[in-house]
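Residue indices begin at 1 and follow the sequence shown.
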Amino acid sequence: MCEVASPADQRNVEVKARIPGGAEGFEKRLFLARKLSGGQDAQLIEQRDVFFESPLGGRLKLRYLPAPSRSQLVYYDRPDVAGPKLSKFNKTEVDEPEVLEKILRQSNGALGVLAKRRHLFLHGQTRIHLDEVQDLGHFMELEVCLRPEQTLQQGQTIAEELSKELGIQEEDLMTGSYFDALRKGK
């Protein structure tokens with residue numbers, strides 16, 4: 001039997017950070033992100049992610065999105081380190097998320113659910129997320145979407161420069177995911 005070549009993983013460089021200062025700190029970052037995006041208002045996205053066991057490593061989640069958007073199944077793998085890091089991922093749109101959730105719960109086992117309100121801004125090739133995570137707090141995530149010819153170093157440089165512009169401090173950087181933090185009770 002012939003093997004079919006699968007498409008290359010998508011890649012981005014990510015930075016995740018807590019936003020200190022509660023609602024006031026969050027509003028300050030919203031202002032800075034709006035300024036970086038040329039004054040454009042954020043796209044507001046309500047998300048509910050169901051995380052599943054991923055026996056071969058990485059993270060697997062089913063992302064529920066409100067209509068007319070389609071939900072997504074997302075697999076990603078990235079190191080749990082602070083600061084800019086390479087994330088390799090694959091995702092596909094899902095028309096029947098409830099059915100897929102049932103199948104994944106039966107086959108893989110569910111780990112839990114994370115709900116958030118995401119404020120999305122675009123700056124060049126970077127997605128700036130300001131997230132209000134239920135039961136966890138305020139956070140910021142940068143995703144520098146790497147083009148095929150770009151190196152990890154180029155993406156890290158972009159992420160580091162934007163981190164400075166958005167006032168992200170080293171002590172606020174996260175190593176894992178929001179879901180990891182929620183499970184640890186932080």
Side-chain angles (χ1 to χ4, degrees), residues 5-20 25 29 33 36 45 47-64 72-92 104 107-116 118-186:
S6 61
D9 292 334
Q10 296 180 58
R11 305 175 308 139
N12 62 31
V13 172
E14 290 187 8
V15 174
K16 273 191 189 298
R18 290 172 188 80
I19 297 178
R29 294 319 192 297
L36 283 171
I45 308 167
Q47 297 179 346
R48 187 171 77 77
D49 295 342
V50 182
F51 284 80
F52 300 95
E53 292 284 352
S54 182
L56 299 180
R59 293 177 174 95
L60 180 65
K61 65 184 174 184
L62 177 60
R63 170 164 290 157
Y64 283 88
Q72 301 170 336
L73 181 64
V74 182
Y75 170 82
Y76 63 100
D77 193 16
R78 67 166 183 255
D80 287 334
V81 297
K85 56 196 149 279
L86 179 65
S87 177
K88 294 179 182 179
F89 66 97
N90 291 289
K91 64 182 176 180
T92 189
L104 288 169
S107 63
N108 292 43
L111 297 172
V113 177
L114 181 121
K116 66 182 171 243
R118 171 162 283 172
H119 302 257
L120 168 65
F121 295 92
L122 301 176
H123 176 70
Q125 69 190 84
T126 304
R127 296 169 55 91
I128 302 170
H129 303 154
L130 283 102
D131 295 329
E132 300 172 84
V133 182
Q134 184 176 321
D135 300 323
L136 203 56
H138 298 99
F139 298 86
M140 180 181 297
E141 179 180 63
L142 305 177
E143 291 180 348
V144 181
C145 303
L146 294 176
R147 294 186 292 271
E149 72 278 2
Q150 281 185 302
T151 66
L152 171 60
Q153 265 94 8
Q154 289 170 318
Q156 287 174 322
T157 298
I158 294 167
E160 288 167 355
E161 290 171 359
L162 274 176
S163 293
K164 288 177 188 171
E165 289 186 62
L166 290 163
I168 295 174
Q169 303 297 312
E170 190 171 336
E171 62 268 15
D172 297 323
L173 294 173
M174 295 180 65
T175 56
S177 69
Y178 298 149
F179 186 68
D180 295 339
L182 188 64
R183 289 179 77 186
K184 291 177 186 171
K186 294 181 181 177

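Between L182 and V133 the shortest side-chain heavy-atom distance does not fall below 4.5 Å. For the pair L73 and L60, the minimum side-chain heavy-atom distance is below 4.5 Å. Contact of the L104 side chain with the V50 side chain is not registered, since no non-hydrogen atoms from C-beta on lie closer than 4.5 Å. Residues Y76 and K61 are in side-chain contact: their nearest non-hydrogen atoms beyond the backbone lie under 4.5 Å apart. Between L114 and Q134 the shortest side-chain heavy-atom distance does not fall below 4.5 Å. You'll find the side chain of L166 reaches within 4.5 Å of the side chain of L142, heavy atoms only. A heavy-atom distance below 4.5 Å is not found between the side chains of V144 and N12.
The minimum heavy-atom distance between A82 and L173, with the atom names listed, is CB-CB, 3.9 Å. The shortest heavy-atom contact between G58 and D77 is CA-OD1, 3.6 Å. Closest approach of P84 to E160, counting heavy atoms only: CG-CG, 3.7 Å. Nearest approach of A33 to F121, heavy atoms of both residues: CB-CD1, 3.5 Å. Nearest heavy-atom pair across L111 and F52 is CD1-O, 3.6 Å. Residues G176 and D80 share a closest heavy-atom pair of CA-OD1, 3.7 Å.
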- [ ] Could you walk me through whether Y178 and L136 pass the side chain to side chain contact (heavy atoms under 4.5 Å, CB included) test, one step at a time?
- [x] CA-CA 8 Å; Y178 298 149; L136 203 56; 4.2 Å; yes
Give the C-alpha distance, both sets of side-chain angles, the deciding distance and a yes or no for side chain to side chain contact (heavy atoms under 4.5 Å, CB included) between L130 and I19.
-> CA-CA 9 Å; L130 283 102; I19 297 178; 3.9 Å; yes
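H129 pairs in a side-chain contact (heavy atoms from CB on, under 4.5 Å) with only one of the listed residues (K116, R118, M140, H119), which is R118. Each of R127, K85, R78, K88 was scored for a salt bridge (charged side-chain N to carboxylate O under 4.0 Å, His left out) with E14, with one residue passing: R78.
Expressed to the nearest 0.5 Å, how far CG of L162 lies from CD of E143 amounts to 12.5 Å. Considering CG of N90 and CG of D9, their distance stands at 4.5 Å, rounded to 0.5 Å. Expressed to the nearest 0.5 Å, how far CG of L146 lies from CZ of R11 amounts to 4.5 Å. Taking CD1 from I168 and CG from D172, the interatomic distance works out to 8.5 Å, rounded to the nearest 0.5 Å. For the atom pair CG of L86 and CD of Q153, the computed distance is 10.5 Å after rounding to the nearest 0.5 Å. The distance from the CD atom of E141 to the CG atom of L120 is 10.5 Å, given to the nearest 0.5 Å.
Note on D131 versus K16: no salt bridge recorded, every NZ/NE/NH1/NH2 to OD/OE distance being 4.0 Å or above. Ion pair D49/R63 flagged as a salt bridge, since at least one NZ, NE, NH1 or NH2 atom sits closer than 4.0 Å to an Asp/Glu carboxylate oxygen.
Counting heavy-atom neighbours within 6.0 Å of E171 CD, excluding the residue itself, gives a total above 12.
No donor-acceptor pair closer than 3.5 Å links the side chain of R59 to the backbone N or O of S54.
In this pair, F51 and F179 present their aromatic rings parallel. The plane angle is below 30°, not in the 30 to 60° band.
In terms of the side-chain contact (heavy atoms from CB on, under 4.5 Å) criterion, residue partners of E161 (sequence neighbours excluded) are, by chain and number, T157.
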